[in-house]
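Notes to accompany the following structure.
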Amino acid sequence: MTPWGLGGALRHSRLQAILAVAAIGAAVALPVVLVSVGGGVSAHELANLENAGYQIVISASGIHGIENAHALAHRILSTVASTTAASPVLSIAIDAFTATGGPTPILAEGVIPDQFTPTLGPTEDGLFPNPLPLGDPTDDLHFDNGTYVGPATYDVLISTPYESASGVKVGDRLWLGPVANRSQAIAYNVTGTFGVPPSLLGPTGAFAIVLPLSDLQVMTGYGPAPSAVIPDAADTIEVSVTGSVATNPSALNAVRAQVQALVPFYGVSSLTQEAQQLQSASSVLTGFYLALSSVGISVGLLFLALVLLRRVEADRRSIGVRRALGLPGRSIAAGILLDGIVLAALGAIVGLVAGYLLVESIATWAKGTVKEAASLAVFSPPVLAALVVGILLLSLLASGVATRSALKIDITEALR
């Protein structure tokens, strides 16, 4: 084959080699970006699931579809062994009014304070005061067995982004209402603040508040029956279990089955199931990324095959002379295969470097969700090594086309 030299006669050969390396590099860079970013996002979401403070989630169809949330939470704790907390959560957008300002839409979360805190994971736990300064820890006084006639504390926690934007501080009063009409708002005492964890796959409730579940239910019409739209409503109930059960998939599944038996018409899932589903989805996505990249890889390998064929044509006479001198065909084939592997290896290295630099550039200079996704990228050595090995093996096919052409050269014709 034509050597990699510095002479002017070899300039065209060198240009072909550079283009082949560039084609392979571009083909490799695409899966590097897709797999590293996609895998990083999946790993991030999986870590969030694995580090959550709760292990079982009860949900219902429709809006705020869980009925009798207080009673159900008590029943779970009293009848299902190994459960340590059952936290109903009701999330509704309401309006907040400062002492002088107009309405500001804000995400309100109604919780039972002493049940909410144990279901926080390590990331969220440090963002909230412990215990939550929301008056009655059990929320039983105001709830008063579903009558909602007990004394209400009217305490509220505000998020730090809302605190910064509104100027409301701990000790101030904040008026909360279901609509943008101050006359229907009730004054609450701001007793604390909490941070807002980052969220990649969903919107972040930067302007958010946390208040007792019964307070939010009465405010939004989900309180006393029979006038309530849904009596004692909640969106989810998050259940935490003892540590020995939390790390034992079969024991956790048994607890999940017991909870499901209590609420046969609601959905009950464990985070272990969700983690398994996420892992399966991640594997499917990785396969999709590689399939999508196969088009570019095919083009790159086709270009490599054309470059090697062009070299065979340029070295046609030299190959004929070597064959006439008795050089075995396997020696000529080895030279062509080596050329193909070298070009493919150089292209793979260029692709790895280009993909890494592209992801780092996006993570540095992009904005919003794209920037956050790129910052989570994980460059897995085994995956990248498998990609490079795959490229090298596929290059043997491209080299085989050129080898077949070289071995079919007629010695007599080549020496004319």
Side-chain angles (χ1 to χ4, degrees), residues 1-36 289-358 383-416:
M1 300 295 289
T2 305
W4 289 57
L6 300 175
L10 301 177
R11 184 178 303 165
H12 187 62
S13 178
R14 291 198 302 272
L15 177 60
Q16 289 179 339
I18 291 172
L19 291 177
V21 169
I24 296 293
V28 171
L30 178 60
V32 168
V33 173
L34 292 177
V35 172
S36 61
Y289 295 150
L290 295 177
L292 182 64
S293 305
S294 64
V295 177
I297 293 174
S298 299
V299 172
L301 292 173
L302 177 61
F303 195 87
L304 175 62
L306 292 175
V307 167
L308 295 175
L309 282 171
R310 181 67 185 86
R311 285 190 170 190
V312 168
E313 288 299 320
D315 290 348
R316 186 182 183 88
R317 187 175 183 81
S318 173
I319 293 173
V321 169
R322 282 179 284 170
R323 291 288 303 280
L325 292 175
L327 191 69
R330 63 177 177 275
S331 178
I332 295 173
I336 298 173
L337 293 175
L338 179 61
D339 268 3
I341 289 177
V342 169
L343 292 174
L346 291 174
I349 293 172
V350 169
L352 292 177
V353 174
Y356 174 80
L357 293 177
L358 179 58
V383 173
L384 298 181
L387 178 61
V388 172
V389 171
I391 292 295
L392 296 181
L393 293 177
L394 290 173
S395 73
L396 296 178
L397 296 177
S399 302
V401 175
T403 300
R404 184 170 181 272
S405 176
L407 297 180
K408 288 176 63 178
I409 292 176
D410 185 90
I411 298 176
T412 305
E413 295 264 340
L415 294 178
R416 285 182 181 176

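In this text the structure is predicted, and so the values were computed from the model without any measurement.
Judged as a side chain to side chain contact (heavy atoms under 4.5 Å, CB included), and not counting sequence neighbours, the contacts of Val383 are Val35, Ser380. Every residue meeting the ring-ring contact (aromatic ring centres under 6.0 Å, His included) condition with Tyr356, not counting sequence neighbours, appears here in chain and number order: Phe379. Residues passing the side chain to side chain contact (heavy atoms under 4.5 Å, CB included) test with Leu387 are Val28, Pro31, Val32, sequence neighbours excluded.
Considering CG of Leu309 and OG1 of Thr403, their distance stands at 9.5 Å, rounded to 0.5 Å. For the atom pair Ile391 CD1 and Leu301 CG, the distance stands at 5.5 Å (nearest 0.5 Å). Distance check, rounded to the nearest 0.5 Å: CG of Asp339 to CG of Leu304 gives 9.5 Å.
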N/O donor-acceptor pairs under 3.5 Å from side chains in residues 392-400, not counting sequence neighbours:
residue : atom : partner : partner atom : Å
Ser395  : OG   : Leu392  : O            : 2.5
Ser399  : OG   : Ser395  : O            : 3.0

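The two residues Leu343 and Leu308 make their nearest non-hydrogen contact at CD1-CD2, 4.3 Å.
Between Val307 and Leu19 there is no side-chain heavy-atom pair separated by less than 4.5 Å.
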